[in-house]
Amino acid sequence: MNKVFNNADEALKDIYDGAILLLGGFGLCGIPENCINAIVKKDTKNLTCISNNAGVDDFGIGLMLQKKQVKKMIASYVGENAEFERQLLSGELEVDLIPQGTLATRCMAAGYGMPAIFTPAGVGTEVAIGKEVRIFDNKTYLLEYAFDADFAIVKAWKGDTDGNLIYKATARNFNPLMAMAGKITIAEVEEVVPAGELDPNQIHTPGIYVHRIFEGKNYEKRIEQRTVKKLAD
Amino acid sequence: MNKVFNNADEALKDIYDGAILLLGGFGLCGIPENCINAIVKKDTKNLTCISNNAGVDDFGIGLMLQKKQVKKMIASYVGENAEFERQLLSGELEVDLIPQGTLATRCMAAGYGMPAIFTPAGVGTEVAIGKEVRIFDNKTYLLEYAFDADFAIVKAWKGDTDGNLIYKATARNFNPLMAMAGKITIAEVEEVVPAGELDPNQIHTPGIYVHRIFEGKNYEKRIEQRTVKKLAD
Amino acid sequence: MLNKNQIAQRLAKELQDGFYVNLGIGIPTLVANYIPEGISVVLQSENGLLGMGPFPFEGEEDADLINAGKQTITTVPGSSFFDSAMSFGMIRAGKVDLTILGAMEVSETGDIANWKIPGKMVKGMGGAMDLVASAKNIVVAMMHTNPKGESKLLHRCVLPLTGIGCVKKIVSDLAVLDITNEGFKLLERAPGVSVEEIIAKTAGKLIVDGEIPEMQF
Amino acid sequence: MLNKNQIAQRLAKELQDGFYVNLGIGIPTLVANYIPEGISVVLQSENGLLGMGPFPFEGEEDADLINAGKQTITTVPGSSFFDSAMSFGMIRAGKVDLTILGAMEVSETGDIANWKIPGKMVKGMGGAMDLVASAKNIVVAMMHTNPKGESKLLHRCVLPLTGIGCVKKIVSDLAVLDITNEGFKLLERAPGVSVEEIIAKTAGKLIVDGEIPEMQF
């Protein structure tokens, strides 16, 4: 069974209007650039995007917001995006802000076949409104449900033809969790190698979770906050 | 702060009678041989041992059973151990048999600060007796609690002086999960290297979960079922 | 009547290209020897491996590389190791396409018992309860009767259950049967075995509908 | 009155040898510049890193290596990368010894608000709600008053909460205070700042018990 696709357009050809997408990355780090560009080109509409952030105005998910492809955004932090704020305040965009650990764990729950998890994050805050509360050992937790997403779209460093993935440094972030959580998981990687070339001991996402893989092109890997020490420091 | 100990005796010197221990390994694969031998030598009593298996009569946890150090055993499969069966049938040993995935996930829950998880394993069986049942999306689950153990005792392949661990092949099994779940986690490894020598991208257990580490000696690594192909095959 | 290897051979026909498959201890393990030409499957071992290969050559055994039956094994290209939580995570999440395991008893409603004989044998359920509670496609490999000749395909299981309403299909030494809402449904009979013998040796409700073909291998 | 760097310097005195520490965005990030001699701490960044190092030298930035503030960083020997579920797993499990973060408001019962100003600013809570709900030791770095001179140490928070009853200590530009069952307890005052000024600028219940020493750095 072949999992390898030529490019983002082919790997994403059945993404449909109204689909629920999980999109990997933290800030602009480890985002599936090629896939996002392909979705923008395809102009798929009414998407629900679950992603820690919403990109910036002219990069990442920000591009999808510019084209008004996103109906609802589920994220933990969106503070770098003027167009996002505009759509939110105008009511064009539905937004569900949730704690970052909750976001991560709701992905993991889906990938691990756990329908719901308990977390203390958000207890006593507006995040808890309408949610089931439960006390264990004198500590209060919220019941949070596993995500039920149609597609997971992730970015890895290396992958093999069987769909095994390895991430690099902090570009790992949400990617392995989302990879586990999609009904269909599409991975773009910087390099596709033949099965057998990656050390089985170092696989971050086993291929069983990955349905489609392709080698992404022309990664920009934009840096949001370029902080450096001068050599003189 | 120094995490490196000279040997199992030193790393385990505060293990006390009545303690609850998590012990890594699957069958005899990836078990903390040096630690088990040290506990046998120390003759700590009334232990609760949480481990997937109970070793064989003369190796692994079987040695602790021989010396009647174990009050209660929580495991998923114990079918290789005559002394175990004798103590169980005679009522000397308290035994809680639980599904293997439940065992694994109750460790993970502890390491991830989740007080309880839902699993369908055991629904409709005697495992479900007395347990809370809940239906999500027309499927029935049991509520299972995170383990609350005093010590986690694990075996890794390589470790560094900061407690970072890398496991080898299927000797990984329960070890990383138990490492996360102990109030005090003790890791024995085949080789301790200075912090900085292991690739940070390939760490299986981050050092934050590991309190003590030592280089184990004279690994026997006994094989339970030596199955081979003859070269002629 | 099929021997164990023939049961395994028939089971192998359930495999489809691209399947991720978990094979239990005993007869199911033998299925790996009969994977049809042109079909590629990935074997999952619940102790933390995808891409299990054959036994190693003598002298090449690695104590750190075993399967869930504690046998020394090898890996194939594209394999991966992971911890037991992820292993059962992928099982619970339904990522394993086919699970084949043994049974002491199966009921006409798909209940299975295979882990305990009260007062006699308590080895534990291992990963079987997780597998049967989670897998979407569970096929049982079993002998149709016990050594005394009593049926192991029952109206209701007598032994402590491993899981309820989960078995989809049975391949026994006598027959292939689906579990349907109406009970066991006879699909195929072993070469030389009559429908009458299968009826006689099936204690649970059995549906025999039309001509029952002999198994093909 | 302390400047931001002085607040960070005072906060650094909360560090103990062997601590795993999560530093929030803003002033808390600066604490890394003042780690006392002879003390070794490991910095956790909730986007998936233990062992965060200083900013890279110019030209050595790696887009794949950032902290939770999206700044390019480096790693120190003994570092490790992991996914966000494990990152918040270790946070929830109480493995992080000290969390230092900023706040817009803190109440005398230890509630904190730092993620939203209704109608004005909605950036999101990021990891702050997880951190404050889980960490056993939460210290807040903040200005004692807002630009209008109004106290940010309140009887009850006015802004939407990030967490309840979680803050243990505050280091502000004016003072160091513990949160006790009886309210804010003044521990130290900034050089040149009088107890009277702190009393005047603290809206919540404030306990002043005996002589209040000046901060030492």
Side-chain angles (χ1 to χ4, degrees), chain B residues 26-30 52-53 75-80 85 88-89 95 97-105 107-109 111 119-127 139-142 157 167-177 204 219-231 233, chain C residues 29 45-49 52 54-75 79 81-89 91-92 111-113 115-116 118-134 160-166:
Chain B
F26 181 96
L28 302 180
C29 180
N52 190 57
N53 312 85
S76 91
Y77 190 83
V78 293
E80 289 95 2
E85 206 158 2
L88 169 59
L89 295 172
V95 177
L97 289 172
I98 63 177
Q100 197 173 129
T102 302
L103 181 64
T105 313
C107 292
M108 187 184 75
T119 175
V123 167
T125 76
E126 63 180 57
V127 163
K139 191 171 164 84
T140 308
Y141 296 82
L142 303 181
W157 179 35
Y167 308 90
K168 191 181 147 213
T170 57
R172 190 181 318 183
N173 56 66
F174 290 85
N175 281 301
L177 307 167
H204 296 135
Y219 282 104
E220 179 179 337
K221 292 199 181 182
R222 195 185 292 186
I223 290 174
E224 241 170 300
Q225 305 280 341
R226 186 178 305 271
T227 44
V228 295
K229 271 198 307 203
K230 294 236 188 309
L231 278 166
D233 279 11
Chain C
T29 301
S45 191
E46 67 265 27
N47 56 320
L49 167 62
M52 178 165 64
F55 295 149
F57 285 116
E58 233 175 331
E60 294 180 2
E61 317 88 273
D62 179 352
D64 290 329
L65 181 48
I66 65 170
N67 64 16
K70 283 105 179 176
Q71 298 172 312
T72 46
I73 46 145
T74 58
T75 58
S79 63
F81 298 111
F82 35 83
D83 65 45
S84 299
M86 179 177 267
S87 183
F88 285 95
I91 287 168
R92 272 198 307 266
D111 296 352
I112 176 172
W115 74 282
K116 186 180 185 180
K120 265 188 156 169
M121 184 280 284
V122 215
K123 293 186 184 304
M125 64 292 283
M129 281 194 183
D130 306 273
L131 281 160
V132 301
S134 306
L161 294 177
T162 307
I164 55 171
C166 51

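Each chain gets a letter, A, B and so on, in the order the sequences are listed, and its residues count up from 1.
Side-chain atoms of D130(C) come within 3.5 Å of backbone atoms of Q100(B) as a donor-acceptor pair (strictly under, hydrogens ignored). Not a single donor-acceptor pair under 3.5 Å links the side chain of N67(C) to the backbone N or O of I73(C). In this structure, the side chain of T125(B) does not engage the main chain of T162(C) through any donor-acceptor pair within 3.5 Å.
Considering only heavy-atom pairs separated by less than 4.5 Å from chain B, the leading option among I66(C), L49(C), T72(C) is T72(C). Among R222(B), M108(B), K168(B), the residue with the largest count of heavy-atom pairs under 4.5 Å with chain C is K168(B). Considering only heavy-atom pairs separated by less than 4.5 Å from chain C, the leading option among L88(B), N52(B), I98(B) is I98(B). Most heavy-atom pairs under 4.5 Å with chain B, from the set A68(C), G119(C), G89(C), S79(C): that is A68(C). Among G30(B), A171(B), A75(B), the residue making the largest number of heavy-atom pairs under 4.5 Å with chain C is A171(B). Per-residue counts of heavy-atom pairs under 4.5 Å with chain C were compared for G79(B), G101(B), A104(B); the largest is that of G101(B). The most heavy-atom pairs under 4.5 Å with chain B, out of A133(C), G127(C), S45(C), come from A133(C).
Residue contact with chain B, scored on non-hydrogen atoms closer than 4.5 Å, is absent for E60(C). In this structure, chain C has no heavy atom under 4.5 Å from any part of T140(B). Of the two parts of T75(C), neither the backbone nor the side chain holds a non-hydrogen atom closer than 4.5 Å to a non-hydrogen atom of chain B. Proximity to chain C involves both the backbone and the side chain of R226(B), based on heavy atoms less than 4.5 angstrom apart. Contacts of P56(C) with chain B are made by both backbone and side-chain atoms, with heavy-atom separations under 4.5 Å. For chain C, the nearby part of N53(B) is the side chain; its heavy atoms alone come within less than 4.5 Å. D111(C) does not touch chain B: none of its heavy atoms, backbone or side chain, sits under 4.5 Å away. Neither the backbone nor the side chain of A128(C) comes within contact range of chain B; no heavy atoms are under 4.5 Å apart.
Looking at D83(C) and F174(B), their side chains never come closer than 4.5 Å, going by heavy atoms from C-beta outward. For the pair T170(B) and F81(C), the minimum side-chain heavy-atom distance is below 4.5 Å. Side-chain contact between L103(B) and F88(C): absent, with no pair of heavy atoms (C-beta onward) separated by less than 4.5 Å. By the 4.5 Å heavy-atom criterion applied to side chains, S87(C) and N47(C) are not counted as neighbours. Put simply, the side chain of R92(C) reaches to within 4.5 Å of the side chain of P120(B), judged on heavy atoms.
Shortest non-hydrogen contact noted between L161(C) and W115(C) is O-NE1, 3.0 Å.
Judged as a side chain to side chain donor-acceptor pair (under 3.5 Å), and not counting sequence neighbours, S84(C) has no contacts.
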